[in-house]
Amino acid sequence: MKKSFKRIVAATVAVAAMAISSMSICAFAESPDNYYSFNFSGHGGIDFSTAVTKSNDNTYARVVAENGYLTSSSYITVCVSSENSGTGKSVSQSKQLTYLSPDEHSLNYTVSRGQGSTNYLAGYGSYYGANVSGHWDA
């Protein structure tokens with residue numbers, strides 16, 4: 001009886017370990033849908049997130065700065081853009097990211113962007129180097 005109990009416990013532990021490891025793999029793979037990452041070494045520049053299709057009719061977008069290096073002189077200015085080339089085409093207010101925070105920064109749209117529109121988060125680097133990554137909602 002003891003051997004069969006040990007086998008049951010071992011099998012249960014093995015199944016639980018596989019379930020936990022598969023959950024952590026899924027959680028890692030399921031990063032926020034609207035992830036962005038901007039890295040500027042200095043002298044400014046511009047970069048864009050991947051395309052995001054707006055799934056609501058909100059008149060604002062939300063940005064969270066989670067990781068990176070930002071200061072009052074090494075900042076990145078973000079806005080929502082309808083284009084991802086050249087200097088972009090801003091369709092929202094801009095916000096200067098000067099610190100990392102789990103708080104959301106709201107960007108009010110200045111041009112109507114309804115559900116189904118394609119948008120990009122544009123990042124404009126300051127003269128000094130800065131980097132930031134996080135997620136955003138269009």
Side-chain angles (χ1 to χ4, degrees):
M1 186 92 169
K2 286 186 178 183
K3 283 186 177 181
S4 111
F5 178 73
K6 286 181 181 180
R7 284 185 186 154
I8 291 171
V9 169
T12 303
V13 169
V15 168
M18 287 184 347
I20 290 170
S21 67
S22 70
M23 284 189 302
S24 64
I25 289 170
C26 290
F28 180 77
E30 292 177 2
S31 63
D33 293 337
N34 305 332
Y35 178 80
Y36 70 91
S37 180
F38 302 133
N39 186 6
F40 300 99
S41 59
H43 304 299
I46 184 168
D47 198 6
F48 299 92
S49 70
T50 57
V52 171
T53 302
K54 192 165 173 57
S55 62
N56 56 51
D57 285 322
N58 291 344
T59 58
Y60 60 90
R62 295 176 300 217
V63 178
V64 178
E66 296 168 333
N67 299 298
Y69 173 77
L70 300 167
T71 68
S72 59
S73 59
S74 296
Y75 57 87
I76 294 176
T77 302
V78 294
C79 70
V80 179
S81 176
S82 62
E83 297 177 3
N84 67 341
S85 63
T87 58
K89 186 173 181 183
S90 177
V91 293
S92 77
Q93 293 176 316
S94 61
K95 175 74 177 176
Q96 230 178 51
L97 303 179
T98 57
Y99 60 92
L100 300 176
S101 171
D103 297 333
E104 294 178 344
H105 301 281
S106 184
L107 303 173
N108 291 324
Y109 286 105
T110 56
V111 175
S112 179
R113 302 299 285 172
Q115 185 173 354
S117 64
T118 300
N119 300 283
Y120 305 87
L121 185 66
Y124 301 86
S126 63
Y127 182 79
Y128 301 103
N131 62 76
V132 66
S133 63
H135 67 276
W136 73 291
D137 291 323

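The analysis underlying the following values was restricted to heavy atoms, covering all of them including side chains, and did not include hydrogens, waters or symmetry mates.
- Scanning all heavy atoms of the two residues, the minimum distance from Val80 to Ser92 falls at N-OG, 2.8 Å.
- Between Ala130 and Leu70, the shortest heavy-atom contact is CB-CD2, 4.1 Å.
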How far apart are the C-alpha atoms of Val78 and Phe38, what are their side-chain angles, what is the distance that settles it, and do they pass the side-chain contact (heavy atoms from CB on, under 4.5 Å) test?
CA-CA 10 Å; Val78 294; Phe38 302 133; 4.1 Å; yes
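- In the hydrophobic cluster analysis, where Ile, Leu, Val, Met, Phe, Trp and Tyr join through side-chain heavy atoms closer than 4.5 angstrom, Leu107 is grouped apart from Tyr124.
- Not counting sequence neighbours, the partners of Ser117 by the side chain to side chain donor-acceptor pair (under 3.5 Å) test are Asn119.
- Going from atom OG1 of Thr71 over to atom OH of Tyr99 covers 13.5 Å, rounded to the nearest 0.5 Å.
- Residues Tyr109 and Lys54 come closest through the heavy atom pair CE1-NZ, 3.6 Å.
- The CG atom of Leu121 sits 12.0 Å away from the CG atom of Asn84 when rounded to the nearest 0.5 Å.
- Between the side chain of Ser74 and the main chain of Gly129, a donor-acceptor pair closer than 3.5 Å is present.
- Counting heavy atoms from C-beta on, the side chains of His43 and Tyr127 come closer than 4.5 Å.
- With rounding to the nearest 0.5 angstrom, the CG atom of Asn131 is 10.5 Å from the OG atom of Ser41.
- Annotation for Ile46 and Phe40: closest pair N-CE2, 3.5 Å, computed over non-hydrogen atoms.
- Interatomic distance, Asp137 CG to Asn58 CG, rounded to the nearest 0.5 Å: 9.0 Å.
- If you take CD on Gln93 and OG on Ser106, they are separated by 7.5 Å, rounding to the nearest 0.5 Å.
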Does the side-chain contact (heavy atoms from CB on, under 4.5 Å) test come out yes or no for Trp136 and Val52, once each step is laid out?
CA-CA 9 Å; Trp136 73 291; Val52 171; 3.6 Å; yes
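- Here the closest heavy-atom approach between residue Ser81 and residue Ala122 is recorded as CB-CB, 4.1 Å.
- The shortest distance between side-chain heavy atoms of Ser82 and Arg113 falls below 4.5 Å.
- Checked against a 6.0 Å centroid threshold, the rings of Tyr36 and His135 do not count as neighbours.
- The heavy-atom pair separating Ala138 from Asn34 by the smallest distance is N-ND2, 4.3 Å.
- The ring pair (Phe, Tyr, Trp, His ring centres under 6.0 Å) pairs that include a residue from residues 54-91 number zero, where partners must be two or more places apart or lie in different chains.
- Taking hydrophobic clusters as Ile, Leu, Val, Met, Phe, Trp and Tyr residues chained together by side-chain heavy-atom distances below 4.5 Å, Val64 does not share a cluster with Tyr35.
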